Amino acid sequence: MSWIPSFSYDSQRFYTLQTCYILTGERITFLLGFLNSAVSFFYITKVCYSLSEASNRWIKQYVERIPVPEITEENRVLSSNIHDLVNKITNLKQNNPVFSTQDLENQVDDWVFKLYDLTDEEQKIIRTSILNNTK
């Protein structure tokens, strides 16, 4: 349970004593960026059960309902850009965990918006909704 998406990449095979869900596959870097995006966050706030104000349950039954876009020849460049940004964010955070990657994360959001072909107005609705959910 968290206020914001908290998906992460574990390259060191850590274990947790808490509930944890694991994703694997060849699109894992793309999924990491997508699931941490504003679009994913917006969707979860609309479909999941919340135990407290602005706190969402990021559990399997809700996450698996997020409509992840299929990667096609037409949008392969977009998904590749997300993949590249996530790699850059991951590398920066590995070298300095407190380094702010907010600008890069915003770029991921922009590419995810393009994957869904969202209008400026739709993007504004999502960004405003997220700001209200994180206060």
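A quick note: this is a predicted structure, and the numbers were derived from the prediction, not measured.
Side chains of Leu118 and Val39 form a contact here, defined as non-hydrogen atoms less than 4.5 Å apart. A 4.5 Å side-chain heavy-atom check between Val68 and Leu31 finds at least one atom pair inside the cut-off. A 4.5 Å side-chain heavy-atom check between Phe34 and Val112 finds at least one atom pair inside the cut-off. Looking at heavy atoms from C-beta onward, Arg127 lies in side-chain contact with Phe113 at the 4.5 angstrom threshold.
A salt bridge is absent between Asp103 and Lys88: the closest approach of a Lys/Arg side-chain nitrogen to an acidic carboxylate oxygen does not fall below 4.0 angstrom. With respect to Arg76 and Glu73, a salt bridge is recorded, a charged nitrogen being found less than 4.0 Å from a carboxylate O.
Other residues, nucleotides and ligands place more than 12 heavy atoms under 6.0 Å from the NZ atom of Lys93.
For the atom pair Ile82 CD1 and Asn75 CG, the distance stands at 8.5 Å (nearest 0.5 Å). Between Ile66 atom CD1 and Leu35 atom CG the span is 5.5 Å, to the nearest 0.5 Å. Here the CD atom belonging to Glu105 is positioned 7.0 Å from the OG atom belonging to Ser100, to the nearest 0.5 angstrom. Between the OG1 atom in Thr90 and the CG atom in Leu32 there is a gap of 6.0 Å [rounded to 0.5 Å]. For the atom pair OG1 (Thr29) and NE2 (His83), the distance works out to 5.0 Å, reported to the nearest 0.5 Å.
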Evaluate the side-chain contact (heavy atoms from CB on, under 4.5 Å) criterion for residues Ile44 and Tyr62: first the C-alpha distance (whole Å), next the side-chain angles of each, then the deciding distance (0.1 Å), finally the verdict.
-> CA-CA 7 Å; Ile44 279 290; Tyr62 301 125; 3.9 Å; yes

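Under the 4.5 Å side-chain heavy-atom criterion for grouping Ile, Leu, Val, Met, Phe, Trp and Tyr, Val77 is not connected to Leu115 through any hydrophobic cluster. Both Val108 and Ile28 are members of a single hydrophobic cluster when ILVMFWY side chains are connected at heavy-atom separations under 4.5 Å.
Residues Asn106 and Gln102 have side chains that bring a donor and an acceptor to within less than 3.5 angstrom of each other. Residues Thr119 and Glu121 bring no donor and acceptor atom of their side chains to less than 3.5 Å of each other.
Using a distance-only test at 3.5 Å, with no hydrogens or angles considered, no donor-acceptor pair links the side chain of Ser129 to the main chain of Ile125. A donor-acceptor contact shorter than 3.5 Å links the side chain of Tyr43 to the backbone of Arg65. The backbone N or O of Ser37 sits nowhere less than 3.5 Å from a side-chain atom of Asp109 that would complete a donor-acceptor pair. Between the side chain of Thr101 and the main chain of Leu104, no donor-acceptor pair closer than 3.5 Å is present. Checking side-chain atoms of Asn95 against main-chain N and O of Asn91 turns up a donor-acceptor pair under 3.5 Å. In this structure, the side chain of Ser40 does not engage the main chain of Asn36 through any donor-acceptor pair within 3.5 Å.
Between Tyr116 and Pro69, the shortest heavy-atom contact is OH-CD, 3.4 Å.
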